Number of protein chains: 2
Amino acid sequence: MNPEYVRHKPGTRVTATMVAKHAGVSVATVSLVVNDKFRGRVSPANVAKVRESIAELGYVVDRVASSLSKGSSDLIILIAPDISNPYFAGVIAGIKEVLADRYQLLLSVTDGGELPRAQEIKASLEFRPSALLIFAPNESFVLDVRGHAPMVLIDAPGMEHVAPTINIGIDSSAHLLRNHLMELGHRSFGYLDSVTGSRTFTLRREALMGELIASGGREPSPTDVQSVVEVDAACQAFLTAWPQWDAEGVTCVICATDIQAYGVIKGARELGLRIPEDLSVASFDNLSYSSISSPALTSVELPSIDLGRAAATHALALIEGDEVAVTHQVFAGELYVRESTGRPSR
Amino acid sequence: MNPEYVRHKPGTRVTATMVAKHAGVSVATVSLVVNDKFRGRVSPANVAKVRESIAELGYVVDRVASSLSKGSSDLIILIAPDISNPYFAGVIAGIKEVLADRYQLLLSVTDGGELPRAQEIKASLEFRPSALLIFAPNESFVLDVRGHAPMVLIDAPGMEHVAPTINIGIDSSAHLLRNHLMELGHRSFGYLDSVTGSRTFTLRREALMGELIASGGREPSPTDVQSVVEVDAACQAFLTAWPQWDAEGVTCVICATDIQAYGVIKGARELGLRIPEDLSVASFDNLSYSSISSPALTSVELPSIDLGRAAATHALALIEGDEVAVTHQVFAGELYVRESTGRPSR
DNA sequence: CTGTTAGCGCATTCAA
DNA sequence: TTGAATGCGCTAACAG
């Protein structure tokens with residue numbers, strides 16, 4: 001009961017026909033004006049009249065009808081598994097930078113910890129997007145969807161044969177981290193994985209643990225420790241796993257993401273463990289918070305903005321129909337050594 | 001030159017007509033089946049045939065045409081100023097929880113630090129959304145837009161007369177923080193604001209500084225210290241302001257957001273300032289990282305998930321056309337006192 | 001139960 | 001330079 005509100009009045013919508021009538025021209029003329037295609041096609045007088053009428057009536061183009069007519073919406077859809085990870089902010093920033101005003105970016109966010117499902121992708125396809133950017137898919141369902149719209153995969157190692165892919169240099173990152181940890185003298189490693197078994201995460205684990213074990217390290221049980229990408233969930237997972245890990249001599253815990261590493265730090269604090277004296281912690285992402293956490297976190301940078309930029313650039317090329325020479329790009333990250341890793345004291 | 005790719009082939013799109021022909025039925029029947037309205041209207045045999053054809057041909061509904069025909073898209077648009085603030089993740093989670101599968105959530109993200117502009121909102125309107133959720137607007141342009149679609153404002157203090165609004169209890173939050181800081185003995189306060197002069201931020205500052213000054217505190221120059229909501233930007237802003245603040249006896253810096261407080265912590269660390277002995281830091285948001293920062297951050301919780309839930313619930317009610325009794329909700333937050341605030345040593 | 005038909009609002013022919 | 005006509009693919013009302 002707030003009479004002062006201007007409530008939504010269905011049926012009140014202003015159409016091009018109404019504008020045309022108001023301006024004394026035809027719909028075609030209105031269309032030309034709103035689409036900025038009137039040069040040399042519409043008289044200045046009519047352009048002015050149409051613009052006045054648009055302003056006066058408060059007309060906005062119906063993009064739905066427009067898209068139907070044109071056969072495609074100027075929409076690029078990003079399907080991402082878990083926007084709660086601040087890592088995405090960087091990716092999104094990179095994408096938006098490239099798209100500018102040419103395309104609207106639509107985010108289709110799956111639920112926490114879930115992978116993009118076929119359903120999500122189908123639903124996105126319904127919008128007739130100009131292109132699809134899919135983050136960290138792991139299933140072959142992407143195959144079903146090919147051919148419907150230009151598609152670029154982001155952080156999808158092992159799927160380069162399916163569609164153009166922008167990847168993170170997991171192997172080189174893992175290598176950097178391994179060198180660092182082995183040099184410090186660690187030999188027994190716990191690993192906190194992400195629950196979204198997407199390929200990028202299994203690969204982070206495999207690449208790193210593979211290297212560590214090949215160098216003489218070992219991974220004690222439990223080996224299936226995982227959580228969603230949230231501080232508290234990761235903390236819980238760590239607290240549950242720690243007694244066994246501790247018994248088996250773990251001196252270093254590596255996490256799939258920085259956020260989870262924060263959870264481990266939190267858990268370690270609760271247990272009274274000193275970092276890095278009693279336990280070293282390292283992870284992937286290098287979020288900007290990692291330099292001010294307590295202790296500051298040793299982390300491998302995964303260049304988010306670059307990923308976004310490259311994916312968007314690639315998508316634009318596909319839309320334009322250009323033959324794209326490079327269909328697989330990899331961005332390598334750097335290792336940032338901070339306070340959370342040190343020599344094991346035992 | 002990757003021949004194995006299935007490239008996007010324009011014109012290949014499968015339509016309901018093709019499905020109908022393939023299944024030996026009419027388009028109307030296909031429509032009924034895909035929209036789950038076939039009970040008692042289509043024979044089981046035909047339902048099966050249609051479903052088979054859909055699977056075989058890989059048909060997906062054209063939501064654009066569907067929306068045009070129905071007169072409305074099942075789309076709810078969230079216009080947000082700065083998705084890089086992890087605070088949004090909570091809001092989005094709350095919204096998605098309520099919308100479930102009934103509506104698609106479209107995020108229209110403005111550029112870093114920018115407010116939702118009229119342009120953004122106009123562009124969103126073009127999609128014929130079922131509802132609009134607008135985060136932290138500050139301009140009266142919202143007035144121009146009223147009546148086009150159901151609209152709910154989030155974190156928009158002072159705009160309750162424009163549209164239904166879901167707010168944070170800034171006053172009570174400021175009050176809690178003031179009590180805490182005055183009790184500790186602080187009297188001279190620096191304030192690091194957000195650049196997006198949206199009403200929620202100016203209010204955070206006014207409410208808090210107003211109370212502090214009324215209680216005998218003071219705000220030294222510079223008073224216009226602000227940054228975007230990013231760690232490094234905030235760090236820079238702090239480093240620039242600090243010499244003067246220091247000279248004028250500032251013992252406590254308050255930030256508009258946790259992220260910015262992390263920047264202050266980072267800057268203080270660079271300067272060799274001990275927190276809280278030399279400087280206390282507090283802020284608004286209470287992100288989950290604030291409990292593991294170094295030092296852990298004293299912060300006022302602003303309940304993000306509740307905001308999202310309430311906004312979505314309200315939007316659904318507006319869409320259904322229900323007369324909504326409560327058009328203005330406020331969610332109060334709690335104060336979390338941690339290590340970053342203490343008695344001033346001078 | 002099923003098919004036919006008439007728009008939805010716009011962009012784009014094609015004539016004038 | 002302009003306007004009338006056609007169709008984008010689908011849904012809803014209707015007639016069968």
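Predicted, not measured: the structure shown is a model, and the values here were computed from it. The basis for the numbers below is simple: all heavy atoms, side chains too, and nothing from hydrogens, waters or symmetry mates.
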*Looking at every strand, decide which applies to A/Arg128 at a 4.0 Å heavy-atom threshold: base, sugar-phosphate, or nothing.*
sugar-phosphate

Exercise for review: Mark yes or no for whether A/Thr313, through its side chain, and A/Arg309, through its backbone, hold a donor-acceptor pair below 3.5 Å.
Suggested key: yes

Whole-Å distance, B/Arg13 CZ to D/dG9 P, equals 8 Å

Per the under-4.0 Å heavy-atom filter, residues of residues 57-64 of chain A near DNA chain C come out as A/Tyr59, A/Asp62

Margin query: Between B/Asn167 and B/Glu160, do the side chains contain a donor N or O and an acceptor N or O under 3.5 Å apart?
Written below: yes

Here the distance between atom C1' of C/dT12 and atom CZ of A/Phe38, to the nearest Å, is 18 Å

Residues at least two apart in sequence or cross-chain that pass salt bridge (Lys or Arg N to Asp or Glu O under 4.0 Å) with B/Arg102, listed by chain then number, are B/Glu320

Judged by atom type as modelled, is there a donor-acceptor pair below 3.5 Å linking the side chain of B/Thr165 to the main-chain atoms of B/Ala163? yes

Q.
At 4.0 Å (heavy atoms only), tell me whether A/Ala28 reaches a base, stays on the sugar-phosphate, or touches nothing.
A. base

Winner on side-chain proximity to B/Ser26, out of D/dT11, C/dT4, D/dT2, is C/dT4

Of the candidates D/dG9, C/dG9, C/dT2, the side chain of B/Thr29 sits closest to C/dT2

Quick note, salt bridge (charged side-chain N to carboxylate O under 4.0 Å, His left out) partners involving residues 17-38 of chain B, not counting sequence neighbours, are B/Asp36-B/Arg39

note: A/Lys49, atom NZ; D/dT2, atom C1'; distance rounded to Å ~ 11 Å

- Query: On a plain distance test, is the side chain of A/Ser69 in donor-acceptor contact with the base of C/dC10 below 3.5 Å?
  - Reply: yes

Separation of C/dC10 atom P from B/Phe127 atom CZ, nearest Å, is 15 Å

**Prompt:** When we call it a touch if two heavy atoms are under 4.0 Å apart, what does A/Val25 touch: a base, just sugar-phosphate, or nothing?
**Reply:** sugar-phosphate

### Task
Examine D/dT11: is either OP1 or OP2 under 4.0 Å from a nitrogen or oxygen in the side chain of B/Lys37? Give yes or no.
no

Whole-Å distance, B/Lys21 NZ to C/dG3 C1', equals 15 Å

Between A/Asn46 and A/Thr29, is there a side-chain donor-acceptor contact under 3.5 Å, judged purely by atom types and distance?
no

Rounded to whole Å, CG of B/Asn35 lies from C1' of D/dA13 at a distance of 15 Å

Of D/dT2, D/dT11, D/dC10, the nucleotide closest to the side chain of A/Asn46 is D/dT2

Between the side chains of B/Arg199 and B/Asp155, is the shortest nitrogen-to-carboxylate-oxygen separation below 4.0 Å, so that they form an ion pair? no

Whole-Å distance, B/Asp36 CG to D/dT11 C1', equals 15 Å

- Output yes when at least one side-chain N/O atom of A/Ser43 is less than 4.0 Å from OP1 or OP2 of D/dT2, else no. yes

B/Pro164 and B/Met151 have their tightest heavy-atom pair at CD-O, 3.5 Å

Exercise. Would you classify A/Ser31 as touching base, sugar-phosphate or nothing, given that sugar-phosphate means primed atoms plus P, OP1 and OP2, and contacts are heavy atoms under 4.0 Å?
Key: base

Taken to the nearest whole Å, CG/B/Leu32 to P/C/dC1 is 12 Å

Ranking B/Arg41 and B/Leu68 by the position along DNA chain C of their nearest nucleotide, the one closer to 5' is B/Arg41

